[in-house]
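Heads up, the thing below is written out as C-alpha cells.
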Amino acid sequence: MSKECPRYGSSLLRKTGCTDADCKCTESSSGPGGYVPEFSQGVCADGAAILKDGQPMTVEQILSALRALAFLAEIKAHKDKYGKDEWYSDAQPIAWDQAKEALST
C-alpha cells in the first residue's frame, strides 16, 4: 500500500487490528475494501469542529449524516422486531443510498 491510500496509517486500521498491508481500498470504491472517511474533531477559527478526512464539515453535512444513521438504526430495529418484511425491503436500499450520499459530500 502506498501513502496515497486514504487509509494509510488510519486509526480504523489500527482499531480493527489490520495492517496497512491488509488494505484493499484501491480494489473498489464502493464495496468491501472501498474508501471509508476518517472522522475526527478539531479546533477551527470559530471553535470546535467535526472533521472528515481533516476538513471541517458543515452543520448540514453533520445533520445529513446523523439523519442517515438514525434511519439505518430504525430499519435495523424494525428488522429485528418484524423480520425482512415489505417495509424493510422498501426502506433498506433507500437508507443505504442516503448514507452513501451523506458520507460522499
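- Y82 belongs to no hydrophobic cluster with other residues, because no ILVMFWY side-chain heavy atom falls under 4.5 Å from its own, directly or through intermediates.
- In this view, T58 and Q61 satisfy the side-chain hydrogen bond (donor to acceptor under 3.5 Å, both in side chains) rule, not counting sequence neighbours.
- Put simply, the side chain of K79 reaches to within 4.5 Å of the side chain of K84, judged on heavy atoms.
- In this structure, W96 belongs to a hydrophobic cluster whose other members, linked by side-chain heavy atoms under 4.5 Å apart, are L72.
- Within the model, atoms CG of L69 and OG of S64 stand 11.0 Å from one another, a figure rounded to the nearest 0.5 Å.
- Pairs engaging residues 55-76 under the salt bridge (Lys or Arg N to Asp or Glu O under 4.0 Å) rule: E60-R67, K76-D80 [sequence neighbours left out].
- Residue F71 shares its hydrophobic cluster (ILVMFWY side chains chained together at separations under 4.5 Å) with I75, W87, Y88, I94.
- Through direct or indirect side-chain contacts shorter than 4.5 Å among Ile, Leu, Val, Met, Phe, Trp and Tyr, L63 is connected to V59.
- Qualifying side-chain contact (heavy atoms from CB on, under 4.5 Å) partners for I62, counting only residues two or more places apart in sequence or in other chains: I50, M57, L66.
- Counting only residues at least two apart or on different chains, no ring-ring contact (aromatic ring centres under 6.0 Å, His included) pair has a member in residues 45-69.
- Of all heavy-atom pairs spanning A68 and A102, the tightest one is CB-CB, 4.2 Å.
- Pairs passing the ring-ring contact (aromatic ring centres under 6.0 Å, His included) check and including a residue from residues 45-68, sequence neighbours excluded, do not occur.
- Sorted by first and then second residue, the salt bridge (Lys or Arg N to Asp or Glu O under 4.0 Å) pairs with a member in residues 85-97 read D97-K100; sequence neighbours excluded.
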